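Here is the structure we will look at.
Predicted model only: the values in this text are computed from it and were never measured.
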Protein chains: 2
Amino acid sequence: MPAKKYHHGDLKNALIQAGIEILAKEGVSGLSLRKVASRAGVSHSAPYSHFKDKQSLIAAITTESFRQLYEELREAIAPFSSDPKKQLTAGALAYAQFALDHTDMFKIMFSGVLEKEKDYPAYVEATRQTFGQVVQVIQACQDAGVLRPAPPEVMAVSVWGQVHGIVSLALEGQISHTVLDRHSVRELVSLAVDQFTAA
Amino acid sequence: MPAKKYHHGDLKNALIQAGIEILAKEGVSGLSLRKVASRAGVSHSAPYSHFKDKQSLIAAITTESFRQLYEELREAIAPFSSDPKKQLTAGALAYAQFALDHTDMFKIMFSGVLEKEKDYPAYVEATRQTFGQVVQVIQACQDAGVLRPAPPEVMAVSVWGQVHGIVSLALEGQISHTVLDRHSVRELVSLAVDQFTAA
DNA sequence: ACCTGAACACCGTTCAAGT
DNA sequence: ACCTGAACACCGTTCAAGT
């Protein structure tokens with residue numbers, strides 16, 4: 001019964017889903033509008049009934065990706081609502097795990113393929129939510145004396161930047177073998193985040 | 001006298017230079033082999049006499065970019081050879097400045113466009129040198145008691161990751177307006193690096 | 001050895017036409 | 001309103017041919 005719902009159904013979401021699948025199988029460079037259309041079983045020009053252009057489809061894919069990241073972070077920190085320091089560590093590790101599990105999704109989210117992000121309100125809102133969640137954890141840590149008192153948004157940029165930087169360099173193969181042979185990415189992230197709470 | 005040296009000259013380097021110029025003017029998505037060839041004044045298939053494929057040209061462009069970054073870092077820290085802490089700050093700010101001055105060069109270096117980096121020895125060597133320079137500064141800071149004693153390579157991943165993460169998030173427009181209205185990227189980097197030396 | 005031009009498969013986008 | 005198929009400009013890559 002769930003077979004071929006579209007053709008006259010929810011093609012828009014089918015295209016987004018097809019895009020995510022191609023991304024996982026062929027990487028960012030393998031993602032084309034024509035392949036997405038073909039995988040959804042429609043002609044190569046059908047997507048233009050639902051998306052202005054390729055950028056617009058990419059916006060939808062990255063928006064969905066940010067929502068997924070938001071959810072994974074939320075689930076990772078939920079069990080520790082009374083222990084901000086554990087929330088910070090769990091959140092950082094979940095971020096790293098998301099990047100490792102969905103490498104090409106992570107790459108398309110942060111590699112500048114989407115060129116005028118401001119034009120896509122749903123995208124802006126999804127990233128705003130994710131950043132807001134980080135700020136909340138930071139603030140809870142500060143209230144608990146686990147992090148230095150400083151403007152929470154600035155501290156959030158610092159901590160998120162730390163995690164994001166290590167994960168990004170790892171994904172790009174920029175971290176030297178002498179390091180990666182001895183430490184996993186999760187370990188490196190964990191060590192780095194601990195330094196924020198050590199002072 | 002320096003006009004049209006190639007046609008029968010140093011086409012290989014002319015192509016790399018043309019690529020860097022297109023990158024600066026049209027961004028990563030505007031970089032095509034055919035445009036590069038055209039800008040160098042040769043037919044669209046001429047580049048194949050010097051590069052196996054587009055990936056190979058991109059490898060040459062990113063290699064040259066890493067060499068440039070290496071040089072800018074070297075010049076930034078040179079004046080402070082007797083003050084490791086100042087070297088650290090100056091290096092971090094130079095890294096941020098490089099990214100802001102050569103945005104698309106920085107993006108192509110770290111956005112995963114180059115897909116099998118290991119296949120390009122000159123590229124591997126250029127990135128190794130850059131990382132090595134970071135490790136040296138870290139080590140000098142540790143010897144001077146400015147940074148915690150820890151495996152220098154691990155500390156380098158942490159510090160470089162911190163700077164790289166903030167700069168990357170800024171370039172991707174992921175840092176909230178409430179932060180960027182009040183602080184420049186250089187300021188955010190500076191604040192974050194200071195926290196490493198504060199403990 | 002280095003470069004050209006035709007050729008091919010693939011791509012994003014537009015548009016007239018169909019339902 | 002949603003989808004198709006032809007068309008166009010652009011792209012990466014190959015190959016026979018020229019110098």
Partners of Asp83(A) by side-chain hydrogen bond (donor to acceptor under 3.5 Å, both in side chains), sequence neighbours excluded?
none
Is there a side-chain contact between Leu169(A) and Val157(B) in this structure, where contact means two heavy atoms from C-beta onward sitting under 4.5 Å apart?
no
dC3(D) C1' sits how many Å from Asp10(A) CG, rounded?
15 Å
Please report the distance, rounded to the nearest Å, between CZ in Phe51(B) and P in dC2(C).
12 Å
Residues passing the side-chain hydrogen bond (donor to acceptor under 3.5 Å, both in side chains) test with Gln174(A), sequence neighbours excluded, are Tyr123(B)
Asn13(B): which residues meet the side chain to side chain contact (heavy atoms under 4.5 Å, CB included) condition with it, sequence neighbours left out?
Asp10(B), Ile16(B)
Please list all pairs meeting salt bridge (Lys or Arg N to Asp or Glu O under 4.0 Å) that have one or both residues in residues 13-35 of chain A, counting only residues at least two apart or in different chains.
Glu21(A)-Arg39(A), Glu26(A)-Lys35(A)
Output row for DNA chain C, stems defined as at least 3 consecutive Watson-Crick or G-U pairs under 3.5 Å, is C:4-8 with D:12-16, C:12-16 with D:4-8
Where protein sits on nucleotides 7-19 of chain C, one letter per nucleotide: B base, S sugar-phosphate only, - none, heavy atoms under 4.0 Å
B---BBBB-----
Can you name the residues that form a side chain to side chain contact (heavy atoms under 4.5 Å, CB included) with Gln129(B), not counting sequence neighbours?
Tyr70(B), Glu125(B)
Does His50(B) put a side-chain nitrogen or oxygen below 4.0 Å from OP1 or OP2 of dA1(C)?
no
According to side-chain hydrogen bond (donor to acceptor under 3.5 Å, both in side chains), who are the partners of Ser56(B), at least two apart in sequence or on a separate chain?
none
Sequence neighbours excluded, which residues qualify as side-chain hydrogen bond (donor to acceptor under 3.5 Å, both in side chains) partners of Glu115(A)?
Ser29(B)
Does a side-chain N or O of Ser43(B) approach OP1 or OP2 of dT4(C) to a distance below 4.0 Å, or not?
yes
